[in-house]
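Only this structure's heavy atoms are used, side chains among them; waters, hydrogens and symmetry mates stay out. These figures come from a predicted structure and were not determined experimentally.
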2 protein chains.
Amino acid sequence: MGSVTFGSGAVHRRTLAVVSETPAARPRSHGERSGSRAERKERTRQNLLDVTLALIASRSLASISLREVARDAGIVPTAFYRHFESMDELGVELVDESMRPLRQMIREARRGQAAHSDIIKSTVDVLGSHVRSHPAQFRFLTRERYGGIAAVRRAIDTELRLFTSELTVDLARLTTGFDWTSEDLEMAADLMVQAMLATVMNLLEVDQRRVDDERTILDRAERQLRLIALGMGAWRSKP
Amino acid sequence: MGSVTFGSGAVHRRTLAVVSETPAARPRSHGERSGSRAERKERTRQNLLDVTLALIASRSLASISLREVARDAGIVPTAFYRHFESMDELGVELVDESMRPLRQMIREARRGQAAHSDIIKSTVDVLGSHVRSHPAQFRFLTRERYGGIAAVRRAIDTELRLFTSELTVDLARLTTGFDWTSEDLEMAADLMVQAMLATVMNLLEVDQRRVDDERTILDRAERQLRLIALGMGAWRSKP
DNA sequence: ATTTTCAGTGCACGTCCGTACACTCACTAG
DNA sequence: CTAGTGAGTGTACGGACGTGCACTGAAAAT
């Protein structure tokens, strides 16, 4: 079970279409080795990010080596530096990358909020479906949120604050008439985000867990959010 | 900046008091190298745990090496195996170790609950003081709760469930008369534990953070728990 | 047509790692 | 008093790691 090295023997296969005069309409083969230099570089970079995200499934970022990532991405270790200065820097970039599904989620939740009458139910459903379709991103965010790399922790924290403040704005819209201070709104939004993040981790740890199935977890999240909403109905910011 | 190896030259100094006939009243020197073999072993074992806990402050368990722990504990790497089979096993033991302050906390909170009139305030205060006096343990639990080592994650999860179910019992006592199902009580307790754990991490990350000072964080936690309590007042389990 | 750029290669290095093995020698049990 | 135990030692190994350096060759710039 020695080295699984490959690529060293497989010589770079250049694009064979040399005669065609139409540069716009390429055959594109099957999306293999094509594009400008910049495009190729971007693809490798993306590959490094993807591969790292896949490795996060079972381990923490701090225990993943540069060599391992390069190996899985099909490049030589030193070529890694053409894209990132270190694994830590890659980790910070990965935060942006992983926030994309979450941002898309909040947009979709807002849409559901308009259509559906039950805001909480639709929000939880959207959460569930997004976690199911982007597990790696959510796992990365929840695992590294309090993880061992300070720079990554900081980056996630910043993004999550942004997320919370967006939710705060939504809550403000729903509580006009009640005398909520923005500080209290933010506090309530933070509690909701916490509940949702804990739900995310529960969803990701299902499978190997006892009886908890997905529906049970989402039901609980729904009840927790409903409990908070109920509390907000009874709250007075300045008593 | 080569090897900082030491201990190899410092020969084991045996206890010098050989003449004294009283085996009970030892001079004890200054608590250095004394005790039975079993005691010495236990002390080394504890040292390994302590040293690891200290290293967790800035990194994750998965990135801490056996050699590093052994070095800091003042023993040779191979002697590590006299105490633990691997770093993973040490991690699982560390969970028990770290739960002790938390268990003591809940006991103290219950006492405060009896004396003080405001349960929430006293609970949050107890939380704050325990985090301040046992930062390493709390950091370990929160950092490795969703960390990279499955066995440790599992162990923490189990302990936290126990903690939650203890809180559930307390809540049941406070809500007699209201028709709460035990499932809903547990859901509410879980939300409270989540809020408290998030508070713990916020407390531990203060210092290097912006303006958030300790009091601000505890105030927020207090308001979050109060919000939940308010929600519970308005809740009906089977509507 | 020529030069420049630069993503990726290949090799080499020094360091740290986990762990196997044979050992010592203070304690303990008999 | 003697024999056995076992916590800790010292050496040694094979392998993985991060990274420096000189390189190649296709694409881009001139």
Would you mind reading off the distance between [X] atom [atom1] and [N] atom [atom2], rounded to a whole angstrom?
| X | N | atom1 | atom2 | value |
| --- | --- | --- | --- | --- |
| B/Lys41 | D/dG8 | NZ | P | 8 Å |
| B/Phe80 | C/dC17 | CZ | P | 13 Å |
| A/Ile75 | C/dT9 | CD1 | C1' | 11 Å |
| B/Arg43 | D/dA7 | CZ | P | 14 Å |
| A/His83 | C/dA7 | NE2 | P | 7 Å |
| B/Glu42 | D/dA7 | CD | P | 12 Å |
| A/Arg40 | D/dA27 | CZ | P | 7 Å |

Review point. Which of residues 46-53 of chain A sit near DNA chain D, with a heavy atom under 4.0 Å from it?
Key: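 Nothing qualifies; none.
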Revision key, fill the gap. Scoring nucleotides 15-25 of chain D by protein non-hydrogen atoms under 4.0 Å (B base, S sugar-phosphate only, - none) yields --BBBBB----
Review point. For the residue pair B/Leu204 and B/Arg139, what are the closest heavy atoms and their distance?
Key: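 The pair with the smallest heavy-atom distance is O-NH2, 2.9 Å.
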Tell me every residue that passes salt bridge (charged side-chain N to carboxylate O under 4.0 Å, His left out) with [X], counting only those two or more places apart in sequence or in another chain.
| X | result |
| --- | --- |
| B/Asp190 | A/Arg220 |
| B/Arg145 | none |
| B/Arg110 | B/Glu166, B/Asp170 |

Exercise for review: Tell me, please, which residues at least two apart from A/Phe84 pass ring pair (Phe, Tyr, Trp, His ring centres under 6.0 Å).
Suggested key: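 If we apply the ring pair (Phe, Tyr, Trp, His ring centres under 6.0 Å) test to A/Phe84, skipping adjacent residues, the hits are A/Phe80.
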Check your understanding: What residues form a side chain to side chain donor-acceptor pair (under 3.5 Å) with B/Gln104, not counting sequence neighbours?
Key ->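 Scan of B/Gln104 (side chain to side chain donor-acceptor pair (under 3.5 Å), adjacent residues dropped) gives none.
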**Study point:** Those residues that, when tested against A/Arg103, pass side chain to side chain donor-acceptor pair (under 3.5 Å) (two or more places apart)
**Key:**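 A/Arg103: side chain to side chain donor-acceptor pair (under 3.5 Å) contacts with A/Glu159.
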For residues 60-70 of chain A, which side-chain donor-acceptor pairs fall under 3.5 Å, sequence neighbours excluded?
residue	atom	partner	partner atom	Å
A/Ser63	OG	A/Ser60	O	2.9
A/Ser65	OG	A/Glu68	N	3.1
A/Glu68	OE1	A/Arg59	NH2	2.9
A/Glu68	OE2	A/Arg59	NH1	3.2
A/Glu68	OE2	A/Arg59	NH2	3.3

